[in-house]
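Quick notes on the structure that follows.
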Number of protein chains: 2
Amino acid sequence: MVNTSATSETEARILEAATRIFRAKGRDGAKMQDIADEAGINKALLHYYFRSKDKLFEQVFRDSSAIFFSRLNEILQSDLELFTKIRRLCDAYITMTMENPFIPIFIIGEVNRNAESFITNIFSGNGIKPEFKSLEKQIAEEIRSGRIRPVRAEELLMNILGLCIFPIIAKPMMQHNMSLSDKEFNRIMDDRKKTIPAMIIDSIKKKNT
Amino acid sequence: MVNTSATSETEARILEAATRIFRAKGRDGAKMQDIADEAGINKALLHYYFRSKDKLFEQVFRDSSAIFFSRLNEILQSDLELFTKIRRLCDAYITMTMENPFIPIFIIGEVNRNAESFITNIFSGNGIKPEFKSLEKQIAEEIRSGRIRPVRAEELLMNILGLCIFPIIAKPMMQHNMSLSDKEFNRIMDDRKKTIPAMIIDSIKKKNT
DNA sequence: ATACCGTTTAACCATTTGGTTAACAAATAT
DNA sequence: ATATTTGTTAACCAAATGGTTAAACGGTAT
C-alpha cells in the first residue's frame with residue numbers, strides 16, 4: 001500500500017476531475033470517459049475507486065454542498081454581533097459564489113432533478129444542516145432589546161442569499177440584458193458586498209421616530 | 001392536409017411534452033423516447049416535425065425564456081409610476097416562479113452549460129432582450145425630482161429578481177434548512193409579494209431628515 | 001376505383017455509454 | 001526469490017440512445 005490515508009493520490013485526482021466535469025456539465029451531461037480523460041487515467045479506474053457513476057456523483061455532490069453550507073453554519077454559529085454577522089454572510093457568499101459560481105447552479109439544478117429521497121439522504125448525516133436556532137435566538141434578543149423591528153430569521157436569510165447569490169448565478173442573463181462587461185459586472189458585485197448588508201440592516205433597524 | 005396553420009395539433013402536443021420533459025430533466029437528462037411517450041406518439045414523429053433533439057431543445061428553450069423575459073419587458077416598458085412598477089415586478093415574478101419554478105432553474109442551468117455563442121444566438125432575434133433604457137430614464141427622472149436617492153437601475157433589478165426568484169428556485173434547500181412545511185413556505189412567499197417591494201422602495205426612497 | 005400526398009408507425013442502424021473482465025505492472029509481504 | 005495483494009490498462013459487452021428507412025394509413029382529388 002502506497003498511501004495509508006483513506007484517499008490515495010489517484011483517488012484524489014479522480015475526485016478533482018469528477019468535480020470539475022460534474023459541476024460544468026451536470027450529472028447527465030458528464031460522461032465517465034470525460035472524467036477519466038480529465039484525470040488522465042483509464043476509465044476502468046473510476047470504477048475501481050468508486051463503484052459506479054452514481055456513487056461518484058454522490059460523493060462530488062456531497063462535497064460541493066458541504067463547501068457552501070458549512071460556511072453558512074460557521075458564520076451563523078459564531079458569536080458575532082448580529083449586524084456584523086450579516087456583513088460577514090454577504091461578503092462570504094458573494095466572494096465564494098464569484099470564485100465558484102458553478103457550485104450553487106449545480107446544487108440547485110441537481111436538487112431539482114432528483115427525488116426527495118435523494119436529497120434527504122444527501123443532506124443528512126454530514127454537518128450540512130445549519131444550526132438555524134442560534135440565529136433565531138439572536139434575533140429574538142435584538143427585537144426584545146428594541147434595536148431591530150420584528151423579523152423572521154427565515155426572511156432575513158432568504159434576503160441575504162437571494163441578493164448575494166442570484167445575480168451571480170444568473171450572470172449571463174444579467175450581463176446580456178444590461179449590457180455589462182465582465183469588468184463592470186465584477187465591480188458591481190464587489191460594491192454589493194457593502195450595499196447589500198447596508199440595505200438589509202437598514203430594513204430591520206428600528207428608526208428613531 | 002389536415003391542418004392549414006403553421007402548427008398541427010400533433011406538433012403542439014410534441015412541443016408541450018418536450019417542454020415538460022426538458023424542464024424537468026434538462027437537455028441531457030431528457031430522452032427522445034421520454035418525450036415521445038409523454039406525447040403519446042412514435043419516436044420517429046419527433047424527427048419528422050423537428051429535425052433533431054437539438055432543434056427541439058432550442059425551440060423549447062426559446063419559448064421558456066420568452067415567457068420569463070417578455071413579462072419583464074412588458075412591465076418595464078409600461079408607463080407605470082416607479083414604485084408601482086416595482087410592486088408589479090415583484091408580484092409578477094413571485095407568482096410566475098411559484099407557478100413554474102422549473103423555468104428559471106432550467107434557464108440558469110442550460111445557459112450555464114452552453115457556450116456563449118449558443119446564448120447569444122438564442123437570446124437575439126425574438127423580443128427577449130428587455131428595453132432597459134426606459135427604466136434607466138425613469139429612475140433618472142425620480143432622482144432629479146428628489147424623490148429617490150441615486151441608484152443604478154442594474155442594482156434595482158438585481159435586487160428585485162434575486163429577492164423574488166432565488167428563494168423559490170432554492171426551495172428544497174430553504175425548506176430543509178429552515179424546517180418549513182409547504183404551507184409555511186407558500187405563506188412566506190405570499191407575504192414577500194408585499195414585504196419585498198416595501199423593503200426595496202424603502203431602500204431607495206429619500207428620507208426626510 | 002385509384003393515384004396522390006401528408007402523417008404515422010415498426011423495425012432497424014450506428015454510436016455512445018456505463019460497466020466488466022482478464023491480463024499486466026508494481027509494490028508488499030513471506 | 002517468490003507469492004500476494006494493490007493499482008492500472010486495453011479490450012470487450014450489453015443496454016441505451018439519437019436518428020433513419022421503408023412500409024402502411026387516411027384523407028382528397030381525379
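Computation of the quantities below employed the complete heavy-atom set of this structure, encompassing side-chain atoms and omitting hydrogens, waters and symmetry-equivalent molecules.
- Rounded to whole angstrom, the span from the NZ atom of A:K25 across to the P atom of C:dT16 amounts to 14 Å.
- The nearest whole Å value for the distance from the CG atom in A:D54 to the P atom in C:dG19 is 7 Å.
- Between the CZ atom of B:F50 and the P atom of D:dG19 there is a distance of 13 Å, given to the nearest Å.
- What separates NZ of B:K55 from C1' of D:dG19 is a distance of 14 Å, to the nearest Å.
- B:M32 has its CE atom 17 Å from the C1' atom of C:dA10, to the nearest Å.
- Distance CD1/A:I160 to CG/B:L163: 11.0 Å, rounded to 0.5 Å.
- Judged by the 6.0 Å distance and 45° axis criteria, B:R27 is positioned over the aromatic ring of B:F57.
- The NZ atom of A:K31 sits 8.5 Å away from atom NZ of A:K25, with the distance rounded to the nearest 0.5 Å.
- Along DNA chain C, the nucleotide nearest to A:N42 and the one nearest to A:K31 differ in position, and the one closer to the 5' end is contacted by A:K31.
- The NE2 atom of A:H47 sits 18 Å away from the P atom of D:dA11 (whole-angstrom rounding).
- Of the candidates C:dG19, D:dG19, D:dA10, D:dA10 carries the atom nearest the A:A44 side chain, counting heavy atoms from C-beta on.
- When rounded to the nearest whole Å, the span between CD of A:Q33 and P of C:dT15 equals 17 Å.
- Among D:dG18, C:dT9, C:dT8, the nucleotide with an atom closest to any side-chain atom of B:I41 is C:dT9.
- The residue B:A36 sits apart from the nucleic acid: no heavy atom pair falls under 4.0 Å.
- Each of A:K43 and A:Y49 lies near DNA chain D, and the nucleotide nearest A:Y49 is the one positioned closer to the 5' end.
- Minimum atom distance to the side chain of B:Y48 is reached by C:dT7, of the listed D:dG19, D:dT20, C:dT7.
- To the nearest 0.5 Å, atoms CD (B:E154) and CE (A:M174) are separated by 11.0 Å.
- When the C1' atom of D:dT9 is taken as reference, atom CG of A:D37 falls 14 Å away, rounded to whole Å.
- Without hydrogens or angle criteria, A:E142 side chain to A:I148 main chain gives no donor-acceptor distance under 3.5 Å.
- Picking from C:dG18, D:dT8, D:dT20 the nucleotide with the shortest atom distance to the side chain of A:L45 gives D:dT8.
- Note on A:S8: every side-chain N or O is 4.0 Å or more away from OP1 and OP2 of D:dG7.
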